[in-house]
Amino acid sequence: MAYDFRAIEGRWQKAWAKKRAFEAKQGKGKKYYVLEMFPYPSGKLHMGHVRNYAIGDATARFKRMQGFNVLYPMGYDALGLPAENAAIKHKVSPKKWTWGRINEMKEQQERLGFSYDWERMLATCEPSYYKWNQWFFLQMLKNGLAYKAKAKSNWCPKCETVLANEQVVEGKCWRCESEVVEKEFEQWFFKITRYAEELLQGLEKLQEWPQRVRTMQKNWIGKSEGVNIKFKVEGSNEEIETFTTRHDTMYGMTFIVIAPEHERVMQWAKGTEREKPVKEFIEKVKRLSIIERTTVEKKEKRGIFLGKYAIHPFTGEKIPIYAADFVLLEFGTGIVQAVPAHDQRDFDFAKEHNLPIIVSVQPDEYELNAEKMSRSYEGFGTLVNSEEFNGLRSEQAMERIADRLEKEGKGKRTVNYRLRDWLISRQRFWGTPIPVIYCGKCGTVPVPEKDLPVKLPEKAPFTGEGNPLDKVKAFVEATCPKCKGKARRETDTMDTFVDSSWYFLRYCSPKEGKAMFGKKEAAYWMPVDQYIGGIEHAIMHLLYARFFTKALRDLGMTKFGEPFTRLLTQGMVLKEGKVMSKSLGNVVDPGAIIERFGADTARAFMLSVSLPTKELEWSDKGADSTFKFLNRFNEFVAKNKGGKGKISQKRLGSKDRLLLSKAHRTIETVTGQMQAFEFNFALAGIARLFSAVQKAEKPDRNVLGFTVRTLVQLLAPFAPHLCEELWAKLGEKGLVSLSKWPKADRKMIDRKAEQVEEFIETVKQDVESIKQLAKIQKPKRIVFFTAPEWKWKAISIAAKACSEKPDFGATVKALMQEAEIRKHGNEVQGFAKALVARVKELEEAERIDEFAALSEERKNLEKEFGCRIEIEKAEKSGHAKARNAFPLKPAIFVE
RNA sequence: GCAGGGAUACCCAAGCGGCCAAAGGGGCAGGGUUUAGGACCCUGUGGCUUAGUGCCUUCGGGGGUUCGAAUCCUCCUCCCUGCACCA
């Protein structure tokens, strides 16, 4: 009979709410902040969410039971494009739509019984939240960390907005996968590059982050150390500057390449006979989409000679200057010294344009020949053709060459980052208005802090064309805060990643009205001790949040530089090998499983199938077995409450000592596994202990009681509702959710009792295999012969003889010297062979009384095998099988 | 191309120097229990073995280190993930 999970879950959810069981209280003891990446309110929970929250909730509950003051909040990343699209489609306001979805989602989360402190819930679409985005923006503006610039931007034609670099994936919009085009706009930026170095250095300290995420961020920041080198342009006063990380190859340079978009390119060509072809070339490059230009397949290096020569700063030689499409304007100086012998791209280009190749670094293993090279050599080596630097190693040469460049004023050491400033302007409605006013007289004027928030209008025309904000007169028309004249309000809104870059701080004091967050509160709760979310945020969100945290620290708001101490990136939930996603239409609705088996089953099952960090191929096969387990657990606990009396280990029988030992050992391992997020192992361990207590025959009441209470507590983070119910049934006062996590008492762990059990297990298995081999289905009688004393004695002798290496000869010799053993001379040979093989294992094992152990187990064995069981000491038996007896492996006779 | 992660028995998935023919699920087979279905419990699930302590073969493929390798090194093949003409 299935347990009534509906009634139980409803009852305890109410009880938790009524008792405010999960309220986080400022300043009360040791804190622990568990946080899941807050969801975008799409309205429906998917399996990925369930997994995310099941991990987080198990952790929060575990930590709470361990005595931590836990902050475990939930909120909604509620601004963003889908709400606007819904507004266009369904003719509802984004606000109404969003709140509808939030409520749906919250309902489902409540249904699952997560232990959030709902009092702290926030939604980023509330003006009381985004007001602080605006306030923060103004502070950034004051500190030169926000600025407006005309820039080529990634424009998504479908979303009708620009995107940040991080939001363009393989030339496509991260959200809708439309191809991104380049457009030039005036845009607002956050100067994340000012923190490039610190963001990079900080990664070193984030030891409890997955290596993968740290590597991804490192690559994204893309630090490269090198030199900028100045070149005189022949026949003019002009200078150009290149950036290189391989200045050891300076003498191998045979041409210079410049990005086609570089302003110099047209300047040089203008008015010459080259103007037309150069212009055509630039046009051609521009027409290429970002994808075409950066694709791997494209091997061809398009370029054109510009009719100019640069002067090599050391040799004074003339070096032709080309424009080529493989050079990026944004990186370095947009001009590159080309060394075909030591760079593959330069090599390809040289071959296509018949440019010379000069070897300037020789590898150690073989010798390069410029004429015969079929590809470049990019490694380090020894310098050649490099005048005074000949013979130096690349590493040394770089130092010396940089020294000389700097001394002669021809260059300087430089660091370049791939990281670009964060473009935060979005030409969309459902975002935080950027608090800026444009005045014909005063220019760009920030909205005064007292006028915040700049609220989104309640009504706007959602036609699907352009930014609806532009068309709301009441919003656009503004008064200049400075001159009080007529002015125009900025209609761009902020990237929604701004919202998610500090929400974890807001949770510390969600109702704070006078500041972004309470300093005191943040100082207590932050940083987040455990952050849990998907790997897809490895760069964008996690990098932005780190940036915000550092900026806020420099604004004096906090004293820490990293927001998340420990990060767990959960594996994706797959279906048929693919990530579940709405666009693929392969989303599995968790609703069904909750309906059928309840929240406890859904959560416990989710955690039991795989390690949280691993990808998970979804299958609900086995959900019913989790359900069955909970049912059995429920039934058993209800009927076997046991006692609460003091347990004296000494007065217990061996079976009870064993059970007690198992309980304590389970506490120990499960505690460790909870800490390590090995929830599937923890659940398996709990199930094992449960199975042991189920099988125990007439256990001591108090041991039974202890074990059952322990089980209920250990299982509580996974199946909290059922465990509350059982905890109450056991007559415990208070909530199991707030009970004290059990502590293992090592003194109660009885190694010997465990060994006896192991011994019985192997004996049983041996009987099974004999039954099979002898084809005896129903034995009439089974006789065990326990090993004689001399065989036990032989162990230590053999151990000595084999101390260096297993040595059969020496063992036999040593054994024969012992009179007591010599008596059994005819048996020693065969016995010694087996002994040598396992002597180490036996030496470490504790001596147990096999005869007593088997005798005690006799009744059970008789029941199990359905026949008479006899136990004899081998030395007292004349049976032919008796001599097979081995320590811990009694001889067995079946008939 | 670079960086990171993988490849384990029928399937999923642990193990990451000896206690490993390899945890745990699932499936399958046998047995028990049950009025039956179901549910539950037990056992088996690489091969050989003249009844068990043994032997052989096996952890993507080849080579190596070691007394000993699924585990360490090396090369190769394939898969995933991220970045990608970044100078």
Side-chain angles (χ1 to χ4, degrees), chain A residues 1-2 169-170 210-216 218-220 222-224 226 242-247 249 257 293-296 298-299 301 324-328 330-339 342-346 348-349 378 416-418 535-536 538-539 572 574 577 608-611 614-617 619 621-622 624-626 628 631-632 678 680-681 683-685 687-688 691 694-695 762-778 804-806 830-831 833-835 837-838 840-841 844-845 864 866 881 884-895:
Chain A
M1 186 46 198
V169 181
E170 285 172 23
Q211 182 61 44
R212 184 144 87 110
V213 175
R214 282 154 59 200
T215 313
M216 281 165 82
K218 191 178 158 201
N219 292 343
W220 188 262
K223 180 179 182 177
S224 43
T242 64
F243 171 72
T244 182
T245 54
R246 287 301 302 275
H247 34 295
T249 64
V257 234
R293 208 173 144 182
T294 58
T295 189
V296 216
K298 195 187 126 281
K299 275 273 170 278
K301 301 278 177 276
D325 64 351
F326 68 87
V327 180
L328 306 174
E330 307 85 48
F331 192 80
T333 58
I335 310 176
V336 179
Q337 57 154 342
V339 185
H342 304 296
D343 183 287
Q344 191 56 39
R345 291 157 303 169
D346 300 347
D348 294 340
F349 192 87
E378 301 191 346
N416 256 294
Y417 299 92
R418 203 184 76 116
I535 186 72
E536 64 273 20
I539 296 177
M572 302 208 196
L574 308 179
S608 73
V609 281
S610 174
L611 287 167
K614 302 250 173 187
E615 272 181 8
L616 172 68
E617 172 71 33
S619 152
K621 256 192 251 164
D624 55 339
S625 68
T626 301
K628 281 177 209 161
N631 272 304
R632 259 178 283 141
E678 293 169 345
N680 53 341
F681 297 149
L683 278 160
R688 217 173 304 125
S691 143
Q694 261 184 312
K695 282 183 207 154
T762 46
V763 166
K764 280 190 205 167
Q765 279 188 11
D766 286 343
V767 172
E768 284 300 332
S769 41
I770 292 167
K771 266 169 67 184
Q772 279 213 321
L773 278 165
K775 308 209 166 58
I776 301 173
Q777 284 256 324
K778 297 214 165 168
E804 277 171 36
K805 60 180 171 85
F831 168 69
K833 197 180 164 199
L835 184 58
R838 10 193 355 235
K840 269 204 178 148
E841 174 192 338
E844 279 165 27
E864 184 161 344
K881 286 281 171 199
N884 281 353
F886 197 85
L888 295 178
K889 277 270 186 188
I892 302 165
F893 175 71
V894 183
E895 71 173 352

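No hydrogens, no waters, no symmetry mates; every other heavy atom, side chains included, goes into these values. Residue numbering restarts at 1 for every chain, and letters A, B, ... go by the order of the sequence lines. Being a predicted model, the structure only gives us computed values, none of them experimental.
Within 6.0 Å of NZ on Lys218(A) lie no more than 12 heavy atoms contributed by other residues, nucleotides or ligands.
You'll find that the side chain of Phe893(A) is closest to A51(B), out of G4(B), A51(B), C86(B). Closest to the side chain of Arg418(A), from the set C40(B), C86(B), A3(B), is C86(B). Comparing A14(B), A84(B), C86(B) by their closest approach to the side chain of Trp220(A) singles out A84(B). The side chain of Val327(A) lies closest to A87(B) when the candidates are U81(B), A87(B), C41(B). Listed nucleotides A3(B), A87(B), C41(B) differ in distance to Arg632(A); the shortest reach to its side chain belongs to C41(B). When the nucleotides C40(B), A87(B), A23(B) are ranked by their closest atom to the side chain of Phe681(A), A23(B) comes out on top.
A 3.5 Å limit on both hydrogen-bonding distances identifies no Watson-Crick or G-U partner for A21(B). Pair assignment for U58(B): none, as no Watson-Crick or G-U wobble contacts are both less than 3.5 Å. Checking A39(B) for Watson-Crick or G-U wobble geometry (two distances, each under 3.5 Å) identifies no partner in any strand.
Regarding contacts with the backbone of A87(B), a side-chain N or O of Ser224(A) is found under 4.0 angstrom from either OP1 or OP2. An OP1 or OP2 oxygen of C40(B) is reached within less than 4.0 angstrom by a side-chain nitrogen or oxygen of Lys628(A).
Along RNA chain B, the nucleotide nearest to Ser691(A) and the one nearest to Phe243(A) differ in position, and the one closer to the 5' end is contacted by Ser691(A). Residue-to-nucleotide proximity on RNA chain B shows that, of Thr333(A) and Gln211(A), the 5′-proximal contact is made by Gln211(A).
The interatomic distance linking Arg212(A) (CZ) with C83(B) (P) rounds to 11 Å, in whole Å. In this entry the distance linking CD1 of Ile535(A) with C1' of C80(B) reads 13 Å, nearest Å. When the P atom of A51(B) is taken as reference, atom CD1 of Ile892(A) falls 14 Å away, rounded to whole Å. Between Asn416(A) atom CG and A87(B) atom P there is a gap of 9 Å when expressed in whole angstrom units. For the pair Asn219(A) CG and G4(B) C1', the computed distance is 9 Å after rounding to whole Å. Per the geometry, CZ belonging to Arg214(A) stands 17 Å off P belonging to A3(B), to the nearest Å. Taking atom CD of Glu536(A) as the reference point, atom C1' of C80(B) lies 16 Å away to the nearest angstrom. Per the geometry, CD belonging to Glu678(A) stands 13 Å off C1' belonging to A23(B), to the nearest Å.
Within 4.0 Å (heavy atoms only), Pro890(A) reaches at least one base atom of the nucleic acid. Counting non-hydrogen atoms under 4.0 angstrom, Ala891(A) reaches a base of the nucleic acid.
Once rounded to the nearest 0.5 Å, the distance linking CD of Glu378(A) with CZ of Arg345(A) reads 7.5 Å. Interatomic distance, OG1 of Thr626(A) versus CG of Leu683(A), reported as 8.0 Å (0.5 Å rounding).
Nearest approach of Thr244(A) to Gln337(A), heavy atoms of both residues: CG2-NE2, 2.9 Å. The two residues Val336(A) and Val327(A) come nearest to each other via the heavy atoms CG2-CG1, 3.8 Å.
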Determine whether Ile535(A) and Val213(A) satisfy the following criterion, side chain to side chain contact (heavy atoms under 4.5 Å, CB included), listing intermediate values before the conclusion. CA-CA 8 Å; Ile535(A) 186 72; Val213(A) 175; 3.8 Å; yes
